[in-house]
Number of protein chains: 2
Amino acid sequence: MRIGELSRRSGLSRDTLRFYERQGLIHSEPGAEATNSYRDYPEEALITLDQIADAQAAGMSIADLAMLMGQLQAADPDGFDGEAFLDARIAEVEARIARAERFLESLHQARAALAAPPVLL
Amino acid sequence: MRIGELSRRSGLSRDTLRFYERQGLIHSEPGAEATNSYRDYPEEALITLDQIADAQAAGMSIADLAMLMGQLQAADPDGFDGEAFLDARIAEVEARIARAERFLESLHQARAALAAPPVLL
DNA sequence: CAAAACCATGGAGTTGAGTCAACGGTTTTG
DNA sequence: CAAAACCGTTGACTCAACTCCATGGTTTTG
């Protein structure tokens with residue numbers, strides 16, 4: 001599909017999609033027509049974009065993500081310690097989720113306080 | 001305590017602390033000595049800073065946080081719908097945590113794949 | 001087939017969250 | 001008491017992640 005459709009279906013702007021592609025997060029093919037230079041994105045780009053959103057919610061930067069995608073499925077044990085890298089990310093994400101859940105809890109408490117009788121004198 | 005101590009004990013830079021104070025996230029008193037203009041932070045600032053870190057991990061912006069802190073404990077039902085505001089934040093944070101957990105799961109899977117026998121041919 | 005809709009590229013601009021540097025005061029310490 | 005360590009203010013700067021704009025080519029559509 002072309003960028004306009006991907007934009008509509010993903011909810012991301014064309015600029016964002018091109019930006020992600022420059023950063024190596026998504027990929028396209030040159031497209032069938034030789035007359036133009038339109039990109040052609042595979043259907044699975046939508047899945048990738050959803051995973052990117054997940055990763056961002058978990059606090060990953062785009063640079064981290066590019067590294068993860070590039071290194072991990074490239075199966076290259078040439079000096080790059082994938083296990084250590086993954087373990088570090090896992091620990092980070094777990095810590096972040098724990099913090100977010102603490103915050104969620106305090107939001108719930110604030111909500112309950114608002115719902116309760118406002119003054120007791 | 002003065003800013004240097006708060007910085008050491010919180011792990012945040014002095015500049016960050018002053019930045020947070022300008023944004024209204026933490027507060028200080030003018031300090032006892034009239035000869036200087038040093039700020040004096042209460043012990044509880046450390047707790048507040050920890051809560052700020054929680055909130056940031058949950059994806060809250062500093063502006064949102066300032067609004068939350070300012071509006072919520074000010075008990076001002078003058079047009080500001082605290083319940084709706086809180087409900088919206090709660091939904092956001094829950095969605096974010098759900099996404100982060102999906103990502104964590106995929107990290108775990110990637111980790112397991114690395115640990116498993118690399119090739120089976 | 002012309003107007004509207006779409007696409008690419010390059011580069012500048014924006015926003016949020018800090019960070020740094022310079023300058024001049026104040027405390028602490030050896 | 002002087003040097004070192006600390007503090008405040010102002011304003012410029014950085015970095016990540018987008019976002020906008022101008023220009024010019026390509027499809028689609030009424």
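Just so you know, these numbers use all the heavy atoms, side chains as well, and skip hydrogens, waters and symmetry mates. Per chain, numbering begins at 1; letters A, B, ... match sequence-line order. The model shown is predicted, which means the values in this text are computed figures rather than measured ones.
Across the protein-nucleic acid pair, B/M1 atom CE and D/dC7 atom C1' stand 16 Å apart, rounded to whole Å. Between A/L12 atom CG and D/dT19 atom P the separation is 9 Å, expressed in whole Å. In this structure, A/E21 places its CD atom 15 Å from P of D/dC18, rounding to the nearest Å. Between the C1' atom of C/dG16 and the OH atom of B/Y20 lies a distance of 11 Å, rounded to the nearest Å. The nearest whole Å value for the distance from the CG atom in A/L17 to the P atom in D/dC20 is 14 Å. We find that CZ of A/F19 is positioned 6 Å from P of D/dA17, with the value rounded to whole Å. Between the CZ atom of A/R22 and the P atom of D/dC18 there is a distance of 12 Å, rounded to whole Å. If you take CD of A/Q23 and P of D/dA16, they are 10 Å apart, rounded to a whole angstrom.
In this structure, D/dC21 forms a base pair with C/dG10, meeting either the Watson-Crick or the G-U wobble geometry with both donor-acceptor distances under 3.5 Å. D/dG30 is paired with C/dC1 under the Watson-Crick or G-U wobble criterion, all donor-acceptor distances under 3.5 Å.
Both A/L65 and A/M67 are part of a single hydrophobic cluster, where members link through side-chain heavy atoms under 4.5 Å apart. Under a hydrophobic clustering in which Ile, Leu, Val, Met, Phe, Trp and Tyr are joined whenever their side-chain heavy atoms come within less than 4.5 Å, directly or via other members, A/Y38 and A/I3 fall into different clusters.
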Kindly indicate, with the supporting measurements, whether the criterion side-chain contact (heavy atoms from CB on, under 4.5 Å) is fulfilled by A/I62 and A/Q56. CA-CA 8 Å; A/I62 281 180; A/Q56 279 184 319; 4.0 Å; yes
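Each of A/H27, A/R9, A/E21, A/E29 was checked for a side chain to side chain contact (heavy atoms under 4.5 Å, CB included) with A/Y41, and the lone residue meeting it is A/E21.
B/P30 places none of its side-chain heavy atoms less than 4.5 Å from the side chain of B/D40. Counting only heavy atoms from C-beta outward, the side chains of A/R14 and A/L6 never approach each other to under 4.5 Å. Looking only at side-chain heavy atoms (C-beta outward), A/I52 and A/M69 come within less than 4.5 Å of each other. Taking the side chain as every heavy atom from C-beta outward, A/E105 and A/E101 never approach each other to under 4.5 Å.
When atom types are taken as modelled, the side chain of B/S7 and the backbone of B/L12 share a donor-acceptor pair closer than 3.5 angstrom.
If you find the closest nucleotide of DNA chain C to B/D15 and to A/D15, the one lying nearer the 5' end belongs to A/D15.
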Write down the protein N/O and nucleotide N/O pairs, taken from nucleotides 2-7 of chain C, whose separation is under 3.5 Å; answer none if there are no such pairs.
| from | atom 1 | to | atom 2 | distance (Å) |
| --- | --- | --- | --- | --- |
| C/dC6 | O2 | A/Y38 | OH | 3.4 |
| C/dC7 | OP1 | A/G4 | N | 3.0 |
| C/dC7 | OP2 | A/G4 | N | 3.2 |
| C/dC7 | OP2 | A/R14 | NH1 | 3.1 |

Taking only N/O atoms, report every protein-nucleotides 13-15 of chain C pair under 3.5 Å with atom names and distance.
none

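Of the side-chain N and O atoms in A/S61, none sit less than 4.0 angstrom from OP1 or OP2 of D/dA16. At D/dG25, none of the side-chain N or O atoms of A/N36 fall inside 4.0 Å of OP1 or OP2 (strictly under the cut-off).
Backbone-only engagement by A/Q56 is indicated by non-hydrogen atom pairs under 4.0 Å involving sugar-phosphate atoms exclusively.
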